Participant: 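One structure, pasted below without further comment.
From a predicted model like this one, the values you see are computed outputs, not experimental measurements. Computed over heavy atoms, backbone and side chain alike; hydrogens, waters and symmetry mates excluded. The chain is numbered in sequence order, starting from 1.
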Amino acid sequence: MITIKHDGCILCVGCSSVCPTNAIEVVGTRMEHFADKCIDCGLCVRVCPANVIEMYKGVKNHKELPAGAEVG
Ligand code: SF4
Ligand code: SF4
């Protein structure tokens, strides 16, 4: 799964556009990630112009994130 630092996100929706599984979408006024749909392809990380997406390969839900990881 990935996390998004929402403070730095400029809502360009580039991540959402490249995601092959629709695991990132605009919800209200921010991008939301749906970890259950994520296949850890890393495309969103590569296209993000604000560098606010972090990849946690193999992690399937927020409870498994390491301490200090941004939740988003
Ligand atoms: S890593 Fe791939 S599947 Fe997961 S959210 Fe990013 S683009 Fe979508
Ligand atoms: S690509 Fe980065 S800056 Fe653009 S909407 Fe996604 S997280 Fe935000």
Participant: Can you tell me how far apart CD1 (I4) and CD (E54) are? Round to the nearest 0.5 Å.
Facilitator: 11.5 Å
Participant: Check for me, please, whether V45 and V52 land in the same ILVMFWY cluster - side-chain distances under 4.5 Å, paths through other members count.
Facilitator: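 Linked within one cluster.
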Participant: Starting from I39 and following side-chain heavy-atom contacts under 4.5 Å between hydrophobic residues (I, L, V, M, F, W, Y), which residues can be reached?
Facilitator: none
Participant: Taking all heavy atoms of M1 and all of D40, pick out the closest pair and write down the distance.
Facilitator: N-OD1, 2.7 Å
Participant: For I10, which fellow cluster members are found when Ile, Leu, Val, Met, Phe, Trp and Tyr are connected by side-chain heavy-atom distances below 4.5 angstrom, either directly or through intermediates?
Facilitator: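 Taking Ile, Leu, Val, Met, Phe, Trp and Tyr as members, I10 stands alone, with no cluster partners.
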Participant: In Å, rounded to the nearest 0.5 Å, how long is the span from CG of L43 to CD1 of I2?
Facilitator: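 Rounded to the nearest 0.5 Å, the CG-CD1 separation comes to 12.0 Å.
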Participant: Tell me, yes or no, whether the heavy-atom count around N51 atom CG, taken from other residues, nucleotides or ligands under 6.0 Å, exceeds 12.
Facilitator: no
Participant: Starting at SG of C44, measure out to CD1 of I24 and round the result to the nearest 0.5 Å.
Facilitator: 4.0 Å
Participant: Are the side chains of C38 and H33 in touch, meaning some heavy atoms are under 4.5 Å apart?
Facilitator: yes
Participant: Atom CZ of R46 and atom SG of C41: how far apart are they, to the nearest 0.5 Å?
Facilitator: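 Output value for this atom pair is 7.5 Å.
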Participant: With V13, which residues qualify under side-chain contact (heavy atoms from CB on, under 4.5 Å), at least two apart?
Facilitator: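 side-chain contact (heavy atoms from CB on, under 4.5 Å) check on V13 returns S16, S17, V26, M31.
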